[in-house]
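One structure is given here, and the rest of the page talks about it.
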Number of protein chains: 2
Amino acid sequence: MKKPIATQSVQDYLKHIYELTEHGSSASTGALAQRLNVKPASVTGMLRKLAAEDPPLVEYQKHQGVMLTADGRRAALEVIRHHRLIEAWLVQSLGYSWDEVHEEAERLEHVISEEFERRIDAALGHPTRDPHGEIIPGADLSMPEDESMPLSALRPGRSATVLRVLARDPNLLRHLDSLGLTPGARIEALDYSPFDNNLTIRVGEKMHVLGLNITTKVFVRFDGESHKD
Amino acid sequence: MKKPIATQSVQDYLKHIYELTEHGSSASTGALAQRLNVKPASVTGMLRKLAAEDPPLVEYQKHQGVMLTADGRRAALEVIRHHRLIEAWLVQSLGYSWDEVHEEAERLEHVISEEFERRIDAALGHPTRDPHGEIIPGADLSMPEDESMPLSALRPGRSATVLRVLARDPNLLRHLDSLGLTPGARIEALDYSPFDNNLTIRVGEKMHVLGLNITTKVFVRFDGESHKD
DNA sequence: AACTTTTTTTAGTCTTAACTAAAATTTGAC
DNA sequence: GTCAAATTTTAGTTAAGACTAAAAAAAGTT
Ligand SMILES: [Mn+2]
Ligand SMILES: [Mn+2]
Ligand SMILES: [Mn+2]
Ligand SMILES: [Mn+2]
């Protein structure tokens, strides 16, 4: 019932495959190579290996991209849970800011014990989201559906609440913070310009005109929509 | 001015060489192999490599054992500082007990950033000793002389204060804890039996008869001795 | 449909850090 | 001082995971 070991490298491959495929499609060799900072030839080699593991971790057919098996998905979610709990805990317990935590978590995620995981989870009160608003998989590795919509879909007259931001770049994160676009922030859409896709919003007292570069990276829940189906 | 990288393996070798040689002598291939859980042949290979690094990390002559160079010593102390700060912090901040922290620290020590080191150091109030009483090297990697004496040297009529325990085995650590032999504990020697080296001591209300297995692993400061020379 | 470009895979190398087995050296007993 | 035992080193493999260069397959273009 216990899986033996997965190297750091294997864990990183699985994590990135998960992130590329969470919404159905399969991940390409090239896309993985780019995310992992590795050459495509190296990715092919690893994918063959992952598909040949005893319980196979991926389903892989030449030239067709990969998808995670149930086992691979569980292993990926285990790493993602580590990553996000660590981020939350670096912020809450050591005073890191949200633009500093990713890099640190990237290394710690591979070496903490399950005991450590349990302890920070408990110390944080079993949080459901990390500092960027990403959902933290449960201890049972369950992953609730993400119901957020990109801010780019918000139109004048409607308002919304920021759920999460999709960004790792520290400069972008600091910029979003300076705009007040952090999880929980209330937003009102004031104007939309169809030609350049600029959206004018109000956050608290402040007004901002945001381009797609930003509005596609901030995910919100529209106000006045049912939470459940 | 920045050293590039040292792999986890290199860091572990340096750390164990430091621990074997802190009091002058040089470390043998076999002793290192045992501590590192590796075959002697592997140790020889690594020692050659460490001696050949650009600033050499060890001084090594065939069949003569190794000693750290100044550079190697600094790298070792960096890892040891990480290890001991992490142990302290696992205990104080996450409620670990002193028998659980070593294993976790063993893995974390290699991956935390200098920023992380600074933050836990500050959060703990710049501690000078880890949960086992081991001295934590300073941020400048200075290492104060350890002035503790083994409990086995205490004789009836004298009393002492526990400074540190030399143990990693969780069972031994729990046993020491149950005896009250933790850093700060006051001890009074009541009786000594020269033939079996048994020492009878009082700790608080309790009396214990301890053999060499324990008395050589608990280090104390004798009461009524000057701290400075 | 044929050809060009892009993507992916194969084949072969390299590095790190282990291992085993055999050779060499040192230690220690007499 | 000689010789056996213990320790250490050399030599040659192995495994993981990266790389480059060349071959093959897929996708796009006219
Ligand atoms: Mn990682
Ligand atoms: Mn995050
Ligand atoms: Mn270690
Ligand atoms: Mn310790």
Side-chain angles (χ1 to χ4, degrees), chain A residues 3-17 20-21 25-68 72 75-76 79 106-107 109-111, chain B residues 3-17 20-21 25-68 72 75-76 79 106-107 109-111:
Chain A
K3 47 193 115 86
I5 31 147
T7 65
Q8 164 158 348
S9 206
V10 167
Q11 289 181 12
D12 278 338
Y13 273 88
L14 294 174
K15 185 176 73 167
H16 282 104
I17 294 168
L20 282 171
T21 61
S25 41
S26 77
S28 73
T29 302
L32 276 168
Q34 220 181 321
R35 278 174 157 265
L36 290 158
N37 265 294
V38 140
K39 302 295 172 194
S42 307
V43 173
T44 300
M46 180 60 93
L47 294 186
R48 288 169 49 102
K49 212 191 81 173
L50 296 178
E53 293 276 295
D54 188 353
L57 298 171
V58 302
E59 235 170 280
Y60 166 62
Q61 318 225 81
K62 290 182 190 177
H63 300 278
Q64 301 297 127
V66 262
M67 278 178 57
L68 294 172
V79 180
E106 201 61 34
R107 282 172 283 109
E109 65 188 4
H110 306 292
V111 304
Chain B
K3 48 193 113 85
I5 29 149
T7 65
Q8 164 159 348
S9 207
V10 167
Q11 288 180 12
D12 278 339
Y13 273 88
L14 295 174
K15 186 176 71 168
H16 286 287
I17 294 168
L20 282 171
T21 61
S25 43
S26 77
S28 73
T29 302
L32 277 169
Q34 220 181 320
R35 279 173 156 265
L36 290 159
N37 265 294
V38 141
K39 302 296 170 195
S42 307
V43 173
T44 301
M46 180 60 94
L47 295 185
R48 289 169 48 103
K49 212 191 81 173
L50 296 178
E53 293 274 296
D54 189 352
L57 298 172
V58 302
E59 236 170 280
Y60 166 62
Q61 317 225 80
K62 290 182 192 177
H63 297 98
Q64 301 298 127
V66 263
M67 278 179 55
L68 294 172
V79 181
E106 201 61 34
R107 282 172 283 109
E109 66 188 4
H110 307 292
V111 304

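Note on naming: letters A, B, ... go to the chains in the order of the sequence lines (proteins, then strands), and numbering restarts at 1 for each one. These numbers were taken from a predicted model, which means no experiment stands behind them.
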Next item on the list: Measure the distance from CG on B:Leu47 to P on C:dA17 and round it to the nearest whole Å.
Entry: 13 Å
Check: Across the strands shown, which category fits B:Ser9 at heavy-atom distances under 4.0 angstrom: base, sugar-phosphate, nothing?
Finding: sugar-phosphate
Item checked: Of the listed nucleotides D:dG17, D:dT9, C:dT9, the one nearest the side chain of A:Thr7 -> D:dG17
Notebook entry, point to check: For the side chain of A:Lys39, counting heavy atoms from C-beta on, which of D:dG17, D:dT9, D:dT20 is nearest?
Noted result: D:dT20
Checklist line | Proximity to the side chain of A:Ala41 - top-ranked nucleotide from C:dT9, D:dA18, C:dT8 | finding: C:dT9
Notebook entry, point to check: What are the two closest heavy atoms between B:Tyr13 and B:Leu32, and how far apart are they?
Noted result: O-CD2, 4.4 Å
Notebook entry, point to check: Which atoms form the tightest heavy-atom contact between A:Ala76 and A:Leu14, and what is the distance?
Noted result: CB-O, 3.6 Å
Next item on the list: Send over the distance from B:His63 NE2 to C:dA24 C1', rounded to a whole Å.
Entry: 6 Å
Item checked: Between P of C:dC19 and CG of B:Leu36, the distance in whole Å -> 10 Å
Margin query: Given C:dT9, D:dT10, C:dA17, identify the nucleotide with an atom nearest to the side chain of B:Thr44.
Written below: D:dT10
Next item on the list: Indicate the atoms forming the closest heavy-atom contact of A:Gly65 with A:Ser26, along with that distance.
Entry: CA-OG, 4.1 Å
Next item on the list: Write down the distance between NZ (A:Lys62) and C1' (C:dT10), rounded to a whole number of angstrom.
Entry: 8 Å
Notebook entry, point to check: If you draw a 6.0 Å radius around CE in A:Met46, do more than 12 non-hydrogen atoms from other residues or ligands fall strictly inside?
Noted result: yes
Next item on the list: Using a cut-off of strictly less than 4.0 Å, decide whether B:Ser42 has a side-chain nitrogen or oxygen near OP1 or OP2 of C:dC19.
Entry: yes
Notebook entry, point to check: To the nearest Å, how far apart are B:Tyr13 OH and C:dT16 C1'?
Noted result: 11 Å
Next item on the list: Round to the nearest Å and state the distance from A:Gln61 atom CD to C:dT9 atom C1'.
Entry: 15 Å
Check: Considering residues at least two apart in sequence or located in another chain, which fulfil the side-chain hydrogen bond (donor to acceptor under 3.5 Å, both in side chains) criterion with B:Arg35?
Finding: B:His16, B:Glu19
Next item on the list: Starting at atom CD of A:Gln64, determine the distance to atom P of C:dT9, rounded to an integer number of angstrom.
Entry: 9 Å
Check: Below 4.0 angstrom from OP1 or OP2 of D:dT9, is there any side-chain N or O of B:Tyr60?
Finding: yes
Next item on the list: Remember a base hit wins even if backbone is also touched, and classify A:Thr29 as base, sugar-phosphate or nothing at under 4.0 Å, heavy atoms.
Entry: sugar-phosphate
Check: Base, sugar-phosphate alone, or nothing: which one does A:Val43 contact when heavy atoms must sit under 4.0 Å apart?
Finding: nothing
Next item on the list: Report the nucleotide, chosen from C:dT16, C:dA18, C:dA21, that has the shortest atom-to-atom distance to any side-chain atom of B:Lys49.
Entry: C:dT16
Note to self: Tell me the interatomic distance from A:Met46, atom CE, to C:dT8, atom C1', rounded to whole angstroms.
What the structure shows: 17 Å
